[in-house]
J.: 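Here it is, the structure, as structure tokens.
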Amino acid sequence: MQKGRQNMKRYEFILKDLDCAACANEIQEKLAKNPELHNVNVNFAKLKLTYETDTVSVEEVRKAVKEQEPDVEMISAEKMKEIENKKESKMGAQIARLLIGIIIAGIGLYAKLPDTISTIFIILGYVILLYRTAKNAFKMLFASKKINENFLITVSCVGAYLVGEHMEGLMVITLYEIGKILEEKSISKSRKSIKDLMDIKPEYANLKTENDIKKVSPEEVKKGDTILIKEGEKVPLDGIVKKGTADLNTASLTGESKLTQVSENKNVLSGSIVVDGMIEVKVTKEYKNSTVSRILDLVENATDKKAKTETFVNKASSIYTPIVIGLAAIVAIFLPLFTDIPYTGNNGSIYRALIFLVISCPCSIAISVPLSYFSGIGKSSKEGILIKGSDYIDAIKDIKEIVFDKTGTLTKGEFEITKIDTFENYTEQEVLKYAAMGEKYSNHPIAKSIMKANKEEVAEVQEFKEIAGKGLSYQYNGETVLVGNSVLVEANDTNEEGATKIYVKINDKLAGIIYLGDTVKDGVVETIKELKALGIKTNMFTGDNKQIAEKTGKEIGIQNIKSEMLPQDKYNAFEEIINKKDEKSKVAFVGDGINDSPVLARADVGISMGGVGSESAIEASDVVIMTDNVSKILDAIKISKKTCGIIRQNLVFAITVKVLILFLSTIGLSGMWQAVFADVGVTILTIFNTLRILK
């Protein structure tokens, strides 16, 4: 079955006029019940519906959405700008309707008119003000047989009128309408803030043709084409500089403000901005595979993976309203039976029950939680930290132990050859050449250093084999060559110098030893110190020998060091740490995203120090640091703690206010106005509090 699902088509739509987070959850639950729809997700923060299927038509899905939410329309993502423009004009019409309703109701309440005329004006004011809410309520009731907040407000307003509280009823719907307009504006503002934060998509590319330069969409450019990027323009696609020099601002990708200079034969990444200069670039990846496209896709889909808090809130919201309705019925029916409170009047049990109904909407909770996670992920991406899901935002704050890979993570991985020992009449250059012939197939930093130092042409070899944790072997001109560590060549290595050694053995005779040195990255020592101050335990796993590992670990300040480890040793040792931790604590692994992929996958939080544009890093881990700056881990922890702290603030505030107003209404100390504040007022305040994450 899993194999069949691999070929399913993925669909993505915008849900126009979806203005209720609880309703978004209900749409997702309804669609998820269809066994032919897979990976269904409704993201309220982005108004986005995604699902996979190879049997269900779009019309069937559209019909199911309409049954659940009659006013919501499924529209393709390409029409988003058009939707936003229409929303502005629609909001203007809602404000006009609100003002007209208030004026007409005001005339009925305060103008000196005959009672019959006053009643007509009041009822007309009710109809105008309540029109949208009542229409949505009854559409939902008849389409999906469900009661939503619109129905509760409608019942409360009509009930207030029937018990003689005309002014109260009008104030409820007026404040509710004002609140909904402000809520829509604040949600729109938060979405725009997040969108602006990730505004890295290039709008066009200057495609160089035989006779001209043509401005085209980045999607139209093919691999191998040449594009021109001028001063002030975004680099639209990944490529190699053919001509010119320029200073690039890569802050949108890495969060770093320092400019990067590029010249001929240098790589450039999409999303960078040319600050000074002009370059011609040969495109190496089509837009869909480019760095900027992958980053945007990662951030766009990150909130589709919901955190436990978000999942809990979604489930709680679905049972919260029915409970409150039940409590309202109990108050209305039974309160007069046990007290001297009457059924009717502004202090009656029915009026108090109506207040219960106004308060019952869980929107403040249902909106603020996903919006907070979305804001946290957006803020992280701006800092050059790509977090793949809301659940990892939750997990990062609980990290109590981190295991670091050494080479390329804590150290620069830019090895320099310090000396070469030779044996059996081989020269230093010959030893280096034999090492380079094997290492040319590897991306390891040591291999790159050897290739860089070798000045001779590298010949092709036969029967090349990699030997995990030891090195490699190959055949060349009838000779058997081994290139690797002391274990591979069966040499006795005390390594008193504390250097990395690469041994070259030819036909069972040691030909030479290449000594390499590595240096610790800038900022690593300070980062480890700050992690310790936060109470986070640090470990270092490495395949290097004990002397090198301990020398590096001591320099950095790492607490626990394990050396001479094969890939499976790293996995097993990490498994031991995982098994010893308590349930609430999280263990992170920080590696390069390639050799350490099994451990990255096993970690509670796998963090890749992949560097800008590293595809393997993006694929391998839960969190990708888009620079090689280890201090970004501290930034990720701070963002995680701030995001989760604001979520807690919103939940405590919303629940406390609602419970307090519910209690006060029961004993007759709060009215409809306070109830409306407990609904839309709290929602607006929690949204504004959420926006603090982006600062």
Side-chain angles (χ1 to χ4, degrees), residues 41 43 45-46 48 50 190-202 234-235 238 248-258 260 269-273 287-307 310 370-397 588 590 593 605-644 646-647 690-695:
N41 186 272
N43 191 316
K46 295 176 289 183
K48 188 177 75 171
T50 56
S190 65
R191 286 182 179 134
K192 187 178 184 302
S193 297
I194 297 166
K195 184 180 176 183
D196 291 344
L197 205 64
M198 282 305 298
D199 185 22
I200 62 175
K201 183 176 180 179
K234 288 179 185 174
V235 177
D238 297 357
L248 300 183
N249 182 346
T250 61
S252 58
L253 302 176
T254 66
E256 301 291 336
S257 58
K258 186 179 178 181
T260 303
L269 298 171
S270 51
S272 306
I273 299 172
Y287 179 75
K288 65 181 180 180
N289 297 318
S290 67
T291 299
V292 70
S293 177
R294 291 173 68 86
I295 290 173
L296 285 170
D297 183 63
L298 188 60
V299 175
E300 279 286 306
N301 295 312
T303 44
D304 291 350
K305 195 167 187 179
K306 291 180 169 59
E310 194 172 353
L371 207 58
S372 296
Y373 282 119
F374 191 42
S375 299
I377 288 168
K379 174 66 174 176
S380 300
S381 63
K382 186 66 176 177
E383 297 296 324
I385 306 162
L386 301 185
I387 299 175
K388 288 189 177 181
S390 303
D391 47 350
Y392 299 121
I393 285 273
D394 259 357
I396 290 170
K397 76 178 189 307
V590 186
V605 182
I607 304 173
S608 283
M609 303 296 296
V612 180
S614 172
E615 292 182 18
S616 57
I618 290 175
E619 296 297 333
S621 53
D622 310 316
V623 178
V624 182
I625 306 296
M626 292 300 287
T627 65
D628 284 331
N629 189 345
V630 179
S631 67
K632 291 287 184 181
I633 295 171
L634 293 169
D635 294 335
I637 293 171
K638 289 174 186 175
I639 292 169
S640 170
K641 287 184 175 180
K642 184 175 182 180
T643 300
C644 294
I646 284 176
I647 288 171
T690 297
L691 289 175
R692 293 195 299 117
I693 295 170
L694 301 174
K695 295 180 181 177

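Remember, it's a predicted structure, so these values are computed and weren't measured experimentally.
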J.: Keeping the roles fixed (side chain from Lys397, backbone from Asp394), state whether a donor-acceptor pair exists under 3.5 Å.
T.: yes
J.: Below 4.5 Å, heavy atoms only, C-beta onward: do Val623 and Ile385 meet side chain to side chain?
T.: yes
J.: What are the two closest non-hydrogen atoms of Ile273 and Lys234, and how far apart are they?
T.: CG1-CG, 3.9 Å
J.: Between Ile607 and Ile625, does the side chain to side chain contact (heavy atoms under 4.5 Å, CB included) criterion hold? Intermediate values first, please.
T.: CA-CA 7 Å; Ile607 304 173; Ile625 306 296; 3.7 Å; yes
J.: State, with a plain yes or no, whether a side-chain heavy atom of Tyr287 is found less than 4.5 Å away from one of Pro202.
T.: yes
J.: Distance from Ile396 atom CD1 to Ile387 atom CD1, nearest 0.5 Å?
T.: 4.0 Å
J.: Between the side chains of Tyr373 and Asp391, is a donor N or O closer than 3.5 angstrom to an acceptor N or O?
T.: no
J.: Nearest 0.5 Å please: distance from the NZ atom of Lys388 over to the OG atom of Ser380.
T.: 14.5 Å
J.: The criterion is side-chain hydrogen bond (donor to acceptor under 3.5 Å, both in side chains); which residues satisfy it with Thr690, sequence neighbours excluded?
T.: Ser372, Asn650
J.: To the nearest 0.5 Å, how far apart are OG1 in Thr643 and CG in Leu694?
T.: 9.0 Å
J.: Taking all non-hydrogen atoms of both residues into account, name the closest pair between Ile693 and Lys642 and its distance.
T.: CA-CE, 4.1 Å
J.: Of the options Ile637, Asp635, Asn629, which is the one that meets Ile633 in a side-chain contact (heavy atoms from CB on, under 4.5 Å)?
T.: Ile637
J.: Of the non-hydrogen atoms in Ser621 and Gly606, which two are nearest, and what is the gap between them?
T.: CB-O, 3.2 Å
J.: Within the side chain of Ser640, is there an N or O that forms a donor-acceptor pair under 3.5 Å with the backbone of Ala636?
T.: no
J.: When rounded to the nearest 0.5 angstrom, what distance separates OG in Ser390 from CD1 in Ile647?
T.: 8.0 Å
J.: To the nearest 0.5 Å, what is the distance between CG on Asn41 and OG1 on Thr50?
T.: 4.5 Å
J.: Measure the spacing between CD1 of Ile393 and SG of Cys644 and express it to the nearest 0.5 Å.
T.: 7.0 Å
